[in-house]
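Report on one structure; see the data block that follows.
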Amino acid sequence: MTKAPVRSLRVIGLLSGTSIDGIDVAAAELDLTEDTIQLTPLGYTERPYPAELRAALHAALPPGDCTAERLCQLDTEVGMAFAEAANQGIAELADGRADLVASLGQTLHHWVEDGRCRGTLQIGQPAWIAEATGLPVVSDLRARDVAAGGHGAPLASTLDALWLRELAERAAAPAAALNIGGIANITVVAPGKEPLAYDTGPGNALLDAAAYLVTDGAQRQDTGGELAMRGSTRQDLLDWLLADPYYAAPAPKSTGKEYFHAEYLRRALAAVPPVSDADLLRTLVELTARTIAAECQRHGVRSVLSSGGGMHNPALTKALTESLGAIELRGSDELGLPTEAKEAYLTSLLGWLTWCGVPASLPSATGARAARLLGSITPGRVALAPPPAPEHEPRLLRVSPEHAAQPSNGR
């Protein structure tokens with residue numbers, strides 16, 4: 001009797017988002033039955049970057065400068081930090097056992113020119129992770145999609161399309177997944193249609209830049225939305241911001257902090273009369289909320305499943321709820337994926353798909369010519385032995401709610 005290929009794997013997912021707060025870590029069991037992937041969350045945690053490394057990463061972002069020497073150092077330092085995070089995840093979340101590590105790394109630059117993505121750079125050398133854990137590492141998950149003509153983003157569309165399909169079919173109406181990190185992105189899943197996903201614009205990027213600016217570097221974010229809640233929307237500034245051609249550009253499209261950064265904010269402030277600190281933060285909250293809501297309304301979305309750090313900003317969630325109007329706003333927790341950890345579980349899924357030989361990019365979302373196997377695999381301590389590709393293409397993803405993860409005490 002021929003043994004069935006082993007596709008039930010325990011995977012550690014690692015990434016650091018565009019807000020550069022630290023490293024998100026999740027552990028998941030993933031298995032495939034016919035066309036359905038079962039994802040069982042085992043736990044998640046967040047590991048802050050050392051203060052010096054975080055400052056160095058911020059300094060390397062545009063409009064800052066970064067030499068080849070500094071880039072080499074950062075690639076190593078981030079790789080070592082990710083290696084420590086992986087071992088923490090294995091020990092604290094996975095009962096000391098895992099089969100695979102998947103790393104989305106730290107995005108340092110996303111090169112978009114004339115509406116086309118020409119390159120993307122995620123650092124965090126995977127060899128350090130493989131050496132520290134002894135496990136194979138799937139990394140560099142965006143570049144192949146870019147080479148195939150896509151944007152390499154938003155890769156959340158891969159999870160969202162599988163995860164929301166049943167919800168959209170039951171409601172007979174489009175549903176959307178929203179993630180608000182440094183950049184906000186949505187995935188729209190409608191019955192009988194190809195999923196659509198793209199970056200809607202800044203999420204926390206300009207808010208964080210403004211908090212840093214108005215506090216003279218004392219704060220990197222408006223914690224709890226306190227400043228924004230004291231202010232009022234400055235319509236002249238909001239009009240200037242909304243006139244940016246990015247919002248009118250057709251999907252697929254992607255953006256990042258190389259576009260929405262502190263210098264961009266300074267240009268906006270120079271274009272209007274003086275703006276108070278609180279009014280600046282309130283206006284940027286309104287920008288993020290309105291641009292997200294406009295895209296959801298454009299596609300006739302009835303329900304939005306939200307995640308990401310931006311959902312912890314009460315000023316932003318209030319503005320978003322008001323802008324969405326009749327569209328229902330729910331947390332991703334309601335379908336089993338913790339708000340803070342969804343993208344780390346996404347990374348686990350992407351690594352598992354690559355290991356199992358399943359293309360993980362959605363051309364309708366990224367703009368690539370066709371779906372592609374993503375990433376590069378760095379061997380662990382033993383020979384690589386991935387299973388053959390499955391007979392059935394995955395169509396659905398279900399999360400085991402009874403095992404939904406709680407934050408690790410090792411946070």
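In what follows, every heavy atom counts, from backbone to side chain, and hydrogens, waters and symmetry copies are set aside. We number each residue from 1, following the sequence as shown.
Annotation: Glu113, atom CD; neighbour count of heavy atoms from other residues, nucleotides and ligands within 6.0 Å is above 12. Annotation for Gln219: atom CD counts as buried by contact number, over 12 foreign heavy atoms lying within 6.0 Å. Taking a 6.0 Å sphere around CE of Met229, one finds it holds more than 12 heavy atoms contributed by other residues, nucleotides or ligands. The environment of Arg54 atom CZ is dense: over 12 non-hydrogen atoms of other residues, nucleotides or ligands sit within 6.0 angstrom.
Of all heavy-atom pairs between Leu373 and Gly357, the closest is CD2-C, 3.4 Å. Shortest non-hydrogen contact noted between Ile327 and Gln297 is CD1-CG, 3.8 Å. Minimum heavy-atom separation, Met311 to Thr317: O-CG2, 3.3 Å.
Taken to the nearest 0.5 Å, the CG atom of Leu350 stands 5.5 Å off from the CG atom of Leu141. Here CD1 of Ile129 is found 8.0 Å from OG1 of Thr378. Values are rounded to the nearest 0.5 Å. Taken from CG in Leu39 to CG in Leu162, the straight-line distance is 10.5 Å, to the nearest 0.5 Å. Note that the OG1 atom of Thr187 and the NE2 atom of His299 stand 10.5 Å from one another [nearest 0.5 Å]. Taken from CG in Leu14 to OG in Ser348, the straight-line distance is 8.0 Å, to the nearest 0.5 Å. To the nearest 0.5 Å, atoms CH2 (Trp355) and CD1 (Ile377) are separated by 5.5 Å.
Between the side chain of Asn204 and the main chain of Leu207, no donor-acceptor pair closer than 3.5 Å is present. Within the 3.5 Å criterion, the main-chain N or O of Thr36 finds no donor-acceptor partner in the side chain of Thr33. Distance alone, capped at 3.5 Å, places no donor-acceptor pair between the Thr354 side chain and the Gly351 backbone. Side-chain N or O atoms of Thr347 include none that pairs as donor or acceptor with a backbone N or O of Gly13 at under 3.5 Å. Put simply, the side chain of Thr288 gets close to the backbone of Pro202: a donor and an acceptor are under 3.5 Å apart. Put simply, the side chain of Ser376 never gets that close to the backbone of Asp140: no donor and acceptor are under 3.5 Å apart. Side-chain atoms of Glu258 come within 3.5 Å of backbone atoms of Gly256 as a donor-acceptor pair (strictly under, hydrogens ignored). The closest donor-acceptor contact from the side chain of Lys253 to the backbone of Ala249 lies under 3.5 Å. For the pair Ser364 (side chain) and Pro195 (backbone), a donor-acceptor distance under 3.5 Å is present. With hydrogens and angles disregarded, a donor-acceptor distance shorter than 3.5 Å links the side chain of Asp99 to the backbone of Arg10.
Taking the six-membered ring where the residue is Trp, Tyr259 and Tyr264 present tilted rings, their angle falling between 30° and 60°. Ring planes of Tyr246 and Phe260: perpendicular class, angle over 60° (limits at 30 and 60°). Using bins of under 30°, 30° to 60° and over 60° for the plane-to-plane angle, the ring pair His110/His151 lands in the tilted bin.
Thr255 and Asp199 share no donor-acceptor pair across their side chains, judged by distance under 3.5 Å alone. With 3.5 Å as the limit, one finds a donor-acceptor pair spanning the side chains of Thr366 and Asp145. With hydrogens and angles left out, the side-chain atoms of Glu295 and Tyr198 include a donor and acceptor closer than 3.5 Å. Using a 3.5 Å distance cut-off with no hydrogens or angles, the side chains of Thr40 and Ser400 do pair a donor with an acceptor.
Using a 4.5 Å heavy-atom threshold, the side chains of Leu155 and Arg142 count as touching. Taking 4.5 Å as the limit, some side-chain heavy atom of Val358 sits within range of a side-chain heavy atom of Pro390. Within the 4.5 Å cutoff, side-chain heavy atoms of Val101 are placed close to those of Val137. You'll find the side chain of Tyr44 stays beyond 4.5 Å of the side chain of Asp24, heavy atoms only. Counting heavy atoms from C-beta on, the side chains of Leu305 and Leu167 come closer than 4.5 Å. Considering only heavy atoms from C-beta on, Val285 stays 4.5 Å or farther from Thr283 through its side chain. Contact annotation: the side chain of Ser303 approaches that of Arg330 to within less than 4.5 Å [non-hydrogen atoms, C-beta and beyond]. Here the side chains of Val304 and Ile292 are not in contact, with every heavy-atom distance at 4.5 Å or above.
Using a cutoff of 4.0 Å between basic side-chain nitrogens and carboxylate oxygens, Arg230 and Asp222 are not scored as salt-bridged. Note on Arg398 versus Glu166: salt bridge recorded, some NZ/NE/NH1/NH2 to OD/OE distance being below 4.0 Å. We find that Asp95 and Arg97 are not joined by a salt bridge, their nearest charged nitrogen and carboxylate oxygen being 4.0 Å or further apart. The existence of a salt bridge linking Lys318 and Glu286 is excluded, since no basic side-chain nitrogen approaches an acidic carboxylate oxygen closer than 4.0 Å. A salt bridge is defined here as a Lys NZ or Arg NE, NH1 or NH2 lying under 4.0 Å from an Asp or Glu carboxylate O, and Glu194 with Arg165 fails to meet this definition.
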Evaluate side chain to side chain contact (heavy atoms under 4.5 Å, CB included) for Leu9 paired with Leu30, printing each intermediate quantity in order.
CA-CA 5 Å; Leu9 297 174; Leu30 290 130; 5.6 Å; no

Walk me through whether Leu74 and Thr76 qualify under side chain to side chain contact (heavy atoms under 4.5 Å, CB included).
CA-CA 5 Å; Leu74 289 173; Thr76 294; over 6 Å; no

Go through the steps for Leu238 and Arg290 under the test side chain to side chain contact (heavy atoms under 4.5 Å, CB included), then give the verdict.
CA-CA 10 Å; Leu238 182 60; Arg290 287 200 194 180; 3.5 Å; yes

Are Ile12 and Leu100 close enough, and set up right, to give a side chain to side chain contact (heavy atoms under 4.5 Å, CB included), and what steps lead you there?
CA-CA 6 Å; Ile12 303 297; Leu100 182 71; over 6 Å; no

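Scanning for ring pair (Phe, Tyr, Trp, His ring centres under 6.0 Å) contacts around Tyr212 gives an empty result, with sequence neighbours left out. Residues forming a side-chain hydrogen bond (donor to acceptor under 3.5 Å, both in side chains) with Gln221 (at least two apart in sequence, or on another chain): none.
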With a 3.5 Å cut-off and sequence neighbours excluded, list the donor-acceptor pairs that the side chains of residues 64-72 form with protein atoms.
| unit_1 | atom_1 | unit_2 | atom_2 | d |
| --- | --- | --- | --- | --- |
| Thr67 | OG1 | Arg70 | N | 3.0 |
| Arg70 | NH1 | Gln73 | OE1 | 2.7 |

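Under the side chain to side chain donor-acceptor pair (under 3.5 Å) test applied with Ser16, the options Gln106, Gln122, Arg47, Glu343 reduce to a single match, Gln106.
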